[in-house]
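Both backbone and side-chain heavy atoms feed into the values below; hydrogens, waters and symmetry mates do not.
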Amino acid sequence: MADRGKSLEQLLSLSAEQLDQRLGMDDNLSAVREVEHFSYFARRKNADQARESLAAQGFHVEIGRRGLKTILIARRDEDVLPATVEATVRAVFAIVTNTRGDYDGWGGTVEIA
């Protein structure tokens, strides 16, 4: 399943685009806010494995169903400075792909300075 999802390079490019859009909205990237990371799995047991690893990294994780897939949402309070985003995307991507999931990206509120 993981080979059908976005590549790490695509996710990093999308993250850079999102950060540019946030700057255009006057987002204070250094402000800490809840950031959500979205992943999909064909099998619940793989999502459970990812949940354990993400929780060990300080994420609060919820697992549910969306159609035939299992969705995992990992939340953690952090800033969205470019270095933080890149490190977090790399870490979440590695955990999710190593547990046979597809990492779909991240989101969070815009914090106006």
Side-chain angles (χ1 to χ4, degrees):
M1 179 173 168
D3 60 342
R4 291 183 280 156
K6 295 178 179 95
S7 70
L8 178 58
E9 293 75 22
Q10 288 172 315
L11 289 161
L12 292 173
S13 177
L14 289 168
S15 293
E17 289 175 23
Q18 182 177 166
L19 291 175
D20 286 343
Q21 292 171 356
R22 287 173 172 277
L23 287 171
M25 293 184 281
D26 294 324
D27 192 348
N28 177 5
L29 302 183
S30 64
V32 174
R33 82 282 317 266
E34 183 179 73
V35 179
E36 298 178 315
H37 299 268
F38 303 92
S39 303
Y40 296 91
F41 296 82
R43 302 186 71 182
R44 171 68 187 240
K45 75 174 190 171
N46 297 117
D48 288 335
Q49 292 170 339
R51 174 179 41 201
E52 290 178 24
S53 296
L54 290 163
Q57 298 292 318
F59 287 94
H60 301 282
V61 182
E62 293 179 18
I63 295 177
R65 297 290 296 171
R66 179 168 288 165
L68 297 176
K69 292 188 177 184
T70 299
I71 183 172
L72 179 149
I73 302 171
R75 296 177 175 94
R76 185 166 71 181
D77 291 342
E78 56 194 4
D79 62 60
V80 292
L81 290 166
T84 305
V85 169
E86 181 175 345
T88 304
V89 167
R90 286 180 182 279
V92 174
F93 180 85
I95 289 168
V96 169
T97 57
N98 286 338
T99 52
R100 304 185 62 136
D102 292 326
Y103 177 46
D104 197 41
W106 62 276
T109 59
V110 172
E111 299 294 328
I112 303 298

_E34/T109 under side chain to side chain contact (heavy atoms under 4.5 Å, CB included): CA gap, chis, key distance, verdict_ = CA-CA 7 Å; E34 183 179 73; T109 59; over 6 Å; no

_Donor-acceptor under 3.5 Å (E86 side chain, A83 main chain)_ = no

*Could you please spell out the steps behind the side chain to side chain donor-acceptor pair (under 3.5 Å) verdict for R43 and T70?*
CA-CA 7 Å; R43 302 186 71 182; T70 299; over 6 Å; no

*So which heavy atom on L54 is nearest to which on A74, and how close?*
CD1-CB, 4.0 Å

*Determine, step by step, whether I73 and V61 satisfy the side chain to side chain contact (heavy atoms under 4.5 Å, CB included) criterion, reporting the C-alpha distance in whole Å, the side-chain angles of both residues, the deciding distance to 0.1 Å, and the verdict.*
CA-CA 6 Å; I73 302 171; V61 182; over 6 Å; no

*Would T88 and V35 count as a side chain to side chain contact (heavy atoms under 4.5 Å, CB included) if you check the C-alpha gap in whole Å, the side-chain angles of each, and the deciding distance to 0.1 Å?*
CA-CA 10 Å; T88 304; V35 179; over 6 Å; no

*Same hydrophobic cluster for L14 and L23, using side-chain heavy-atom links shorter than 4.5 Å among ILVMFWY?*
no

*Measure the spacing between CD of Q18 and CZ of R22 and express it to the nearest 0.5 Å.*
4.5 Å

*For the residue pair A50 and L72, what are the closest heavy atoms and their distance?*
CB-CD1, 4.0 Å

*For N46 and T99, work out which heavy atoms get closest and say how close.*
CB-O, 2.9 Å

*asked:* Hydrophobic cluster membership, with links at side-chain heavy-atom distances under 4.5 Å among I/L/V/M/F/W/Y: are V110 and L29 in one?
replied: no

*What distance separates I112 CD1 from N28 CG, expressed to the nearest 0.5 Å?*
9.0 Å

*Test log, rule side chain to side chain donor-acceptor pair (under 3.5 Å), inputs D79 and S30*: CA-CA 5 Å; D79 62 60; S30 64; over 6 Å; no

*Hey, what do you get for CZ (R65) to CZ (F41), rounding to the nearest 0.5 Å?*
12.0 Å

*Distance from D102 atom CG to I71 atom CD1, nearest 0.5 Å?*
12.0 Å

*Which atom pair, heavy atoms only, marks the closest approach of E111 to A31?*
CB-CB, 3.9 Å

*List in chain and number order the residues that pass side-chain contact (heavy atoms from CB on, under 4.5 Å) with A87, two or more places apart in sequence or in another chain; answer none if no residue qualifies.*
none

*Any ion pair linking R75 and E36 (charged N to carboxylate O, less than 4.0 Å)?*
yes

*Can you see which heavy atom on S39 is nearest to which on Y103, and at what distance?*
OG-CD1, 3.5 Å

*Are V89 and V32 connected, step by step, through hydrophobic side chains (Ile, Leu, Val, Met, Phe, Trp, Tyr) whose heavy atoms are closer than 4.5 Å?*
no

*asked:* Any salt bridge linking K6 with D104? Criterion: basic side-chain nitrogen under 4.0 Å from a carboxylate oxygen.
replied: yes

*Do W106 and S15 pass the side chain to side chain donor-acceptor pair (under 3.5 Å) test, and can you show the C-alpha distance, the side-chain angles, and the key distance before you say yes or no?*
CA-CA 8 Å; W106 62 276; S15 293; 2.8 Å; yes

*Over all atoms of both residues, closest heavy-atom pair of S53 and I95*: CB-CG2, 3.7 Å

*Does a side-chain N-to-carboxylate-O contact under 4.0 Å join D48 and K45?*
no

*Give, for atom CD of E9 and atom CZ of F93, the distance between the pair rounded to the nearest 0.5 Å.*
7.5 Å

_To the closest 0.5 Å, what do you measure between NE2 (H60) and CZ (R76)?_
10.0 Å

